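Beneath this line is the structure, given in structure tokens, with notes to follow.
A quick note: this is a predicted structure, and the numbers were derived from the prediction, not measured. These values consider heavy atoms only, across backbone and side chains, with no hydrogens, waters or symmetry-generated copies.
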Amino acid sequence: LLPENRFLVTELPSLAPHPPIREKNAMPPRPEHNIPSGTVTACQICGCQDLHLVLDLGHQPLCDTLLGGEDLERPETSYPLRQMWCPECTLSQLDYVVPGDVVFHPAYPYRTGVTRELAAYQVELAQAVLADLEVPADSLVVDIGCNDGTLLTSFRDQGQRVVGVEPTNIAQFAVEAGIETLQAPFTPQIARDIVDVHGPAKVVTATNVFAHIASLGDVIEALEILVADDGFFVLENHYLRPVMDRLQFDTIYHEHLKTYSLLSLVTLFNYYNFTVVDAHKVSRYGGNIRVYVAKGRGATPHRRVSELLAEELQAGFKDPQYYLEFRKQSINLKNQLLALFVQCAQADTPIVGNSCPGRCSTLLNFLGVGPDLMPYIGEQPASLKLGKFLPGMHIPIVSNQRIIDEQPEHVMLLAWHYATPIAEQLRERGLQSNLIVPLPQVQNI
């Protein structure tokens with residue numbers, strides 16, 4: 001049973017013209033959810049063949065395959081980067097899939113814990129999940145794509161048993177933090193291994209992970225094995241509406257195979273032994289959606305689910321004009337930013353970058369900005385990206401202490417979704433430069 005007064009409501013508003021929440025035991029035909037590498041011509045959720053272009057960002061390298069100095073002398077691989085949308089379930093997706101072991105290679109450099117704001121957010125996320133689901137102490141929580149174990153550390157600190165699954169070498173940081181971690185992709189066999197040792201999980205989480213997975217069918221089959229009968233899967237990822245409304249074209253890169261609407265997630269889990277029972281819009285990464293999925297069919301969702309589905313329809317998720325306007329405004333912003341880079345370089349006051357999130361690779365490659373227009377990007381001293389070069393544009397990544405020491409005329413905050421706290425930290429360290437926020441509109445702060 002679901003926690004009393006958490007999700008169960010006596011009556012839901014009509015979801016028409018959306019497809020209704022699935023009736024108990026109803027089994028819609030299931031499309032193939034394990035998507036092969038290469039060109040994708042159908043919706044990755046519902047199988048619709050009538051996909052429409054959102055934005056073509058050209059051929060780009062993998063954003064987190066950073067280059068060493070020796071790599072600059074070698075050929076560099078790039079892949080198509082086009083965002084499409086499905087008029088049936090409103091999923092927004094890439095139309096080309098790079099193999100997962102190429103994208104998430106062992107030397108993958110992203111670490112959650114080095115970003116102060118994100119580490120604090122993970123604590124809040126763990127607290128919210130435990131409170132919302134009324135999770136008893138000493139329950140098993142498993143995090144898929146646990147990275148360096150930051151989120152699981154928060155769950156552990158609040159009295160839960162924890163296990164992580166992480167395919168890259170970042171798993172070593174989770175192990176060093178005392179988190180039992182399996183360094184492997186999340187598969188049905190891994191799920192069985194965890195259940196055999198620890199029993200089923202009350203909560204399984206996937207934060208900024210679920211949109212990255214090509215083999216969704218295998219992953220959800222594994223979830224059906226791992227999640228307890230009274231348990232939940234909690235996912236959090238970029239949400240389609242703030243991506244579109246805030247012109248976040250920089251969130252489009254090869255790791256993000258999908259940008260979910262709530263309707264697309266309801267459609268997906270209707271094919272499996274799960275029910276979407278709640279959803280929240282949250283602030284992480286410039287606008288995320290957190291979705292609670294209960295084990296079993298036929299659970300009655302909280303009214304927030306139907307309300308958010310209605311909001312999506314009203315916003316225009318099924319209207320081609322919604323996406324055409326995004327494309328037009330994104331290209332206009334691209335041209336405006338490029339003009340600013342050229343103007344500053346011609347005035348001998350080039351813009352330098354601060355922070356090197358994956359999204360900045362999309363932005364700078366889309367603009368065609370290299371070291372002639374941005375001499376370097378400053379990163380935190382603990383970052384694994386120091387001493388590397390941005391893929392495609394080959395901008396060097398250095399300690400952001402250099403920005404403090406050199407006091408350049410202009411600094412662009414490439415992690416613009418954390419612009420306010422980053423600006424405060426830089427000012428506290430004595431930076432006097434003009435700080436530029438590139439998206440969703442160019443502004444100085």
Side-chain angles (χ1 to χ4, degrees), residues 1-9 12 19-28 30 33 45 125-126 128-146 151-152 155 160-165 182 186-207 209-210 213 215-237 260 262-280 289-306:
L1 295 177
L2 296 172
E4 185 178 2
N5 298 326
R6 292 288 176 173
F7 304 116
L8 297 178
V9 293
L12 286 173
I21 302 294
R22 181 191 53 225
E23 297 295 331
K24 187 175 183 179
N25 298 324
M27 291 293 292
R30 182 188 298 178
H33 288 141
I45 297 298
L125 172 60
V129 168
L130 295 177
D132 288 346
L133 301 180
E134 297 181 345
V135 179
D138 202 38
S139 296
L140 178 62
V141 178
V142 177
D143 189 25
I144 303 170
C146 70
L151 177 59
L152 286 178
F155 278 114
Q160 307 302 326
R161 295 179 293 123
V162 296
V163 174
V165 181
L182 303 175
F186 182 62
T187 64
Q189 186 56 54
I190 290 294
R192 293 186 191 97
D193 292 343
I194 295 173
V195 171
D196 286 346
V197 175
H198 301 279
K202 178 68 173 181
V203 177
V204 178
T205 57
T207 60
V209 169
F210 202 64
I213 300 169
S215 56
L216 269 184
D218 287 346
V219 167
I220 300 179
E221 179 185 341
L223 287 171
E224 289 179 327
I225 295 168
L226 179 58
V227 178
D229 289 342
D230 62 347
F232 296 85
F233 173 53
V234 181
L235 68 99
E236 189 171 305
N237 268 105
Y260 290 110
L262 179 58
L263 177 58
S264 64
L265 288 166
V266 169
T267 302
L268 173 64
F269 285 103
N270 274 353
Y271 294 116
Y272 297 90
N273 187 31
F274 287 101
T275 304
V276 172
V277 292
D278 204 359
H280 301 265
I289 187 169
R290 182 186 305 156
V291 178
Y292 293 78
V293 187
K295 180 77 170 286
R297 300 186 178 96
T300 303
H302 192 282
R303 60 174 53 90
R304 274 186 292 266
V305 174
S306 60

Pair Tyr272 and Phe233, ring centroids less than 6.0 Å apart:
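No, ring centres 6.0 Å or more apart.
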For the atom pair [atom1] ([X]) and [atom2] ([Y]), what is the distance rounded to the nearest 0.5 Å?
X: Tyr260; Y: Leu265; atom1: OH; atom2: CG; answer: 6.0 Å
X: His33; Y: Ile213; atom1: NE2; atom2: CD1; answer: 13.0 Å
X: Leu235; Y: Leu223; atom1: CG; atom2: CG; answer: 9.5 Å
X: Arg303; Y: Asp278; atom1: CZ; atom2: CG; answer: 11.0 Å

Which heavy atom of [X] sits nearest to which heavy atom of [Y], and what is that distance?
X: Pro188; Y: Ala222; result: N-CB, 3.5 Å
X: Leu152; Y: Val162; result: O-CG1, 3.7 Å
X: Arg304; Y: Ala279; result: CD-O, 3.7 Å
X: Gly231; Y: Val227; result: C-CG1, 3.5 Å
X: Val142; Y: Ala201; result: CG2-CB, 4.0 Å

How would you list, by chain and number, every residue that makes a side-chain hydrogen bond (donor to acceptor under 3.5 Å, both in side chains) with Arg290, sequence neighbours excluded?
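Partners of Arg290 under the side-chain hydrogen bond (donor to acceptor under 3.5 Å, both in side chains) test: Tyr121, Glu236.
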Please list all pairs passing the salt bridge (Lys or Arg N to Asp or Glu O under 4.0 Å) test where one or both residues lie in residues 191-203, with sequence neighbours left out.
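Those involving residues 191-203 are Lys202-Asp230.
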Considering residues at least two apart in sequence or located in another chain, which fulfil the side chain to side chain contact (heavy atoms under 4.5 Å, CB included) criterion with Leu182?
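Partners of Leu182 by the side chain to side chain contact (heavy atoms under 4.5 Å, CB included) criterion, ordered by chain and then number, come out as Ile190, Ile194.
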Can you name the side chain to side chain contact (heavy atoms under 4.5 Å, CB included) partners of Ala126, sequence neighbours left out?
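Side chain to side chain contact (heavy atoms under 4.5 Å, CB included) list for Ala126, sorted by chain: Leu151, Ser154, Phe155, Gln158.
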Is the shortest side-chain heavy-atom distance between [X] and [Y] below 4.5 Å?
X: Leu262; Y: Val276; result: yes
X: Ile220; Y: Leu268; result: yes
X: Val234; Y: Leu133; result: yes
X: Val277; Y: Val305; result: no
X: Lys295; Y: Asn273; result: yes
X: Val135; Y: Gln160; result: yes

Listed partners of Phe186 passing ring-ring contact (aromatic ring centres under 6.0 Å, His included), at least two apart:
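ring-ring contact (aromatic ring centres under 6.0 Å, His included) list for Phe186, sorted by chain: empty.
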Listed partners of His280 passing ring-ring contact (aromatic ring centres under 6.0 Å, His included), at least two apart:
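Per chain and number, His280 pairs via ring-ring contact (aromatic ring centres under 6.0 Å, His included) with Tyr292.
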Any luck finding a side-chain donor-acceptor pair between Thr187 and Asp218 under 3.5 Å?
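No pair is found: no donor N or O on one side chain lies under 3.5 Å from an acceptor on the other.
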Ignoring hydrogens and geometry, is there a side-chain-to-backbone donor-acceptor pair from Thr275 to Gly296 under 3.5 Å?
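Indeed, once roles are kept as given, a pair shorter than 3.5 Å links the two residues.
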For Phe269 and Phe274, take the angle between the two ring planes, folded into 0 to 90°, and tell me which bin it lands in: parallel under 30, tilted 30 to 60, perpendicular over 60.
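It falls in the perpendicular class, over 60°.
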